[in-house]
Amino acid sequence: MNGKKCDTCNKPAKIHVTQIQDGQVMDVSLCPECAQKYGFMAPVAEMSVPLNEIIAGVHTGEEAAPISPPSTNESKTCANCGQTFRGFRDSGRLGCPECYDTFQEELEPLLRKVQMGMVHHGKTQIPRKVETNLIPLIHQKREELRQAVAEENFEVAARLRDEVRQLERELNQ
Amino acid sequence: MIMDDHEFLSCGWLSGPGPNHEIVLSTRVRLARNVKGFPFSHWASTGELARLVSSCSAAIRKTSYFENAEEIHLEEVNVLDLAFLRERHQISAEMVHSQNQRSVFISADQKTAAMVAEEDHIRLQVLYPGLDLKNAWSVCTSLDDELSNHLTFAYSERLGYLTACPTNVGTGLRCSVMVHLPALVMTRQIQKMINAVSQLGMTVRGPSGEGSEIKGNLFQISNQITLGVNEDEIIERLSNLTEQIIDMETKATSQLLSEAEEDIEDRVFRAYSILTSARKLNSKETLELLSPVRLGIRTGLLKDASLNAINEVFLCSRPAHLQKKAGREMGERERDIFRAQFIRDRFKPSAC
């Protein structure tokens with residue numbers, strides 16, 4: 001270990017850590033200054049950083065670009081709480097539950113990136129209303145999709161995936 | 001204060017023979033909930049936060065789990081006790097940084113906690129020893145049901161439970177298991193495991209969560225996806241995945257023992273000797289020594305110590321725990337000496 005140089009600035013390294021980054025196990029050697037800078041010597045690792053990167057990537061990522069709204073939407077403000085989309089991007093947090101409606105369009109690429117679907121499938125707080133038949137239909141299609149994938153029936157699975165996406169889009173409108 | 005009780009220093013969620021406890025140290029299930037009609041905690045004004053905390057606390061007190069629990073107000077807690085609660089995973093990193101109007105309820109058996117005014121208004125958490133996701137979830141969901149009799153949560157038909165951060169929206173459920181995988185590390189199969197895990201929408205981290213360093217071959221595996229899947233699927237997938245990892249680790253252990261038993265034995269006993277005779281031990285070295293010792297116990301090579309003792313040392317040799325045990329604040333050097341003494345005492349033949 002003696003004589004190792006800092007991976008970022010070439011000064012003598014004092015801190016040696018093993019971390020998982022983007023799914024890769026990495027050994028990192030750092031000098032005290034860089035260790036401080038990258039948070040290895042902070043009392044508690046900053047928790048919101050990776051998420052901020054994901055959120056920041058929403059508007060820059062290739063995949064997200066075509067469906068992302070232009071960045072002028074950054075000043076869009078929630079009428080209920082005053083949080084802006086820029087504020088959300090900087091902090092990683094929405095201001096209030098209504099922000100989900102206000103920023104629905106802006107949040108969609110992020111949700112697509114980090115989540116499995118666009119519709120909740122879990123516990124319900126209140127009995128489901130009958131005003132929309134779309135949700136049970138989406139549930140049914142997703143179940144069929146799961147079945148098709150399990151049976152390796154990929155042609156059917158691809159069709160069902162597109163149908164689910166279309167239904168989710170309709171529901172979101 | 002509850003944290004000064006001797007009982008509180010015990011670690012019910014780590015000791016006790018949980019399922020698969022040879023490889024899985026603990027299971028954690030966490031549910032995020034927010035109260036309808038209020039901004040999220042970080043966005044609320046002082047007045048809103050005060051009203052929010054008072055209605056959340058009143059509701060939590062009405063549940064069967066926290067009927068007699070003491071509410072710990074974090075602004076009244078000193079720095080050492082905050083670090084102590086954090087080491088036990090009973091408060092989040094966020095709550096260590098900002099204690100204003102935040103509080104936590106901890107059940108008598110220490111396995112269940114409700115954090116108030118965290119990133120989300122309420123975070124329910126259940127910690128169990130071993131791999132016990134289904135039971136931990138069943139406690140968490142029944143507590144959630146009880147709470148929803150007293151509070152209306154922010155919920156949408158489309159997105160489910162609404163949370164301050166969209167990475168938790170939907171179920172608001174985050175489950176994790178802490179696993180000890182020395183054989184997968186030694187046989188260089190750990191990367192393969194991490195790749196497989198990330199393809200399943202799960203994530204692998206160091207023992208202290210996001211951004212933490214890997215120490216002592218301990219890994220935390222948790223679900224990343226909270227929307228588009230239901231709670232049972234999340235629990236089932238993580239359970240199945242953990243069972244597969246246990247299987248991989250068990251096979252790697254057999255491989256090591258059949259190909260290099262003497263080398264493993266040597267590593268185990270060297271570590272045990274240092275751990276039981278050193279006069280100064282720092283946190284990192286302790287975790288690194290505990291790993292081969294744990295492997296030695298699991299494989300039957302080492303019969304002088306128990307997994308329970310290892311688990312207790314794992315938690316109680318951390319800086320804030322040592323200082324609570326000593327009943328005073330200590331600097332790093334003094335802690336290292338005290339830690340070595342504590343470990344020697346814990347591994348005395350009569351103590352195990």
Side-chain angles (χ1 to χ4, degrees), chain A residues 17-20 22-25 28 38-40 42-51 54-55 78 80-83 87-88 91-101 103-104 107 110-111 114-126 128-129 131-132 134-135 142 168 171-172, chain B residues 34 36-40 42-43 83 86 92-94 96-97 119 141 144 148 152-167 169-173 190-191 194-195 197-198 201 203-206 208-215 219 224-231 233-234:
Chain A
V17 291
T18 311
Q19 264 216 323
I20 302 169
D22 301 325
Q24 299 290 314
V25 178
V28 190
Y38 295 111
F40 289 108
V44 179
E46 193 52 57
M47 300 202 52
S48 53
V49 172
L51 172 70
I54 297 174
I55 295 165
C78 174
N80 185 54
C81 73
Q83 172 69 305
F88 162 68
S91 69
R93 286 167 194 188
L94 296 161
C96 71
E98 277 73 19
C99 286
Y100 278 96
D101 288 332
F103 305 122
Q104 186 180 330
L107 286 174
L110 170 70
L111 291 175
V114 300
Q115 299 288 6
M116 189 173 257
M118 300 297 285
V119 177
H120 178 54
H121 289 265
K123 277 180 86 164
T124 50
Q125 152 93 350
I126 29 176
R128 289 204 183 279
K129 291 177 199 151
E131 63 186 29
T132 168
L134 283 177
I135 289 175
R142 285 188 69 92
E168 287 182 349
L171 185 73
N172 289 340
Chain B
N34 289 280
K36 193 178 172 185
F38 283 93
F40 294 126
H42 76 111
W43 203 253
R86 177 68 194 130
S92 60
E94 160 137 357
V96 176
H97 287 305
E119 176 181 310
T141 188
D144 175 48
S148 62
T152 305
F153 293 132
Y155 179 88
S156 106
E157 283 265 315
R158 181 169 61 91
L159 292 173
Y161 291 92
L162 304 174
T163 50
C165 179
T167 51
V169 76
T171 58
L173 175 64
I190 198 74
Q191 187 66 59
I194 293 170
N195 291 347
V197 167
S198 45
T203 181
V204 185
R205 298 188 173 119
S208 303
E210 204 153 304
S212 75
E213 189 185 342
I214 302 167
K215 289 181 207 152
F219 300 85
Q224 268 189 308
I225 293 161
T226 55
L227 179 66
V229 278
N230 70 36
E231 294 84 354
E233 287 169 325
I234 294 172

Applying a strict 4.5 Å limit to non-hydrogen atoms, the region of B:V197 in contact with chain A is neither
Counting C-beta onward and ignoring hydrogens, is there a side-chain heavy-atom pair between A:L110 and B:T167 closer than 4.5 Å?
no
Within the distance-only criterion (no hydrogens, no angle test), does the side chain of B:H42 pair as donor or acceptor with the backbone N or O of A:L94 below 3.5 angstrom?
yes
Output for pair (B:F40 CZ, A:C99 SG), nearest 0.5 Å, gives 7.0 Å
Taken to the nearest 0.5 Å, the spacing of B:R158 CZ from A:M118 CE works out to 7.0 Å
- So, A:Y100 side chain and B:S156 main chain: donor-acceptor pair closer than 3.5 Å or not? no
So CG of B:N230 and NE2 of A:H121: to nearest 0.5 Å the spacing works out to 8.5 Å
Exactly one of B:L159, B:T226, B:T171 clears side chain to side chain contact (heavy atoms under 4.5 Å, CB included) with A:H120, and that residue is B:T171
With sequence neighbours left out, the residues meeting side-chain hydrogen bond (donor to acceptor under 3.5 Å, both in side chains) with B:T141 are A:K123
Rounded to the nearest 0.5 Å, the CD atom of A:Q83 sits from the CH2 atom of B:W43 at a distance of 4.0 Å
**Prompt:** For B:P166, does its backbone N or O pair with a side-chain atom of A:Q115 as donor and acceptor, under 3.5 Å?
**Reply:** yes
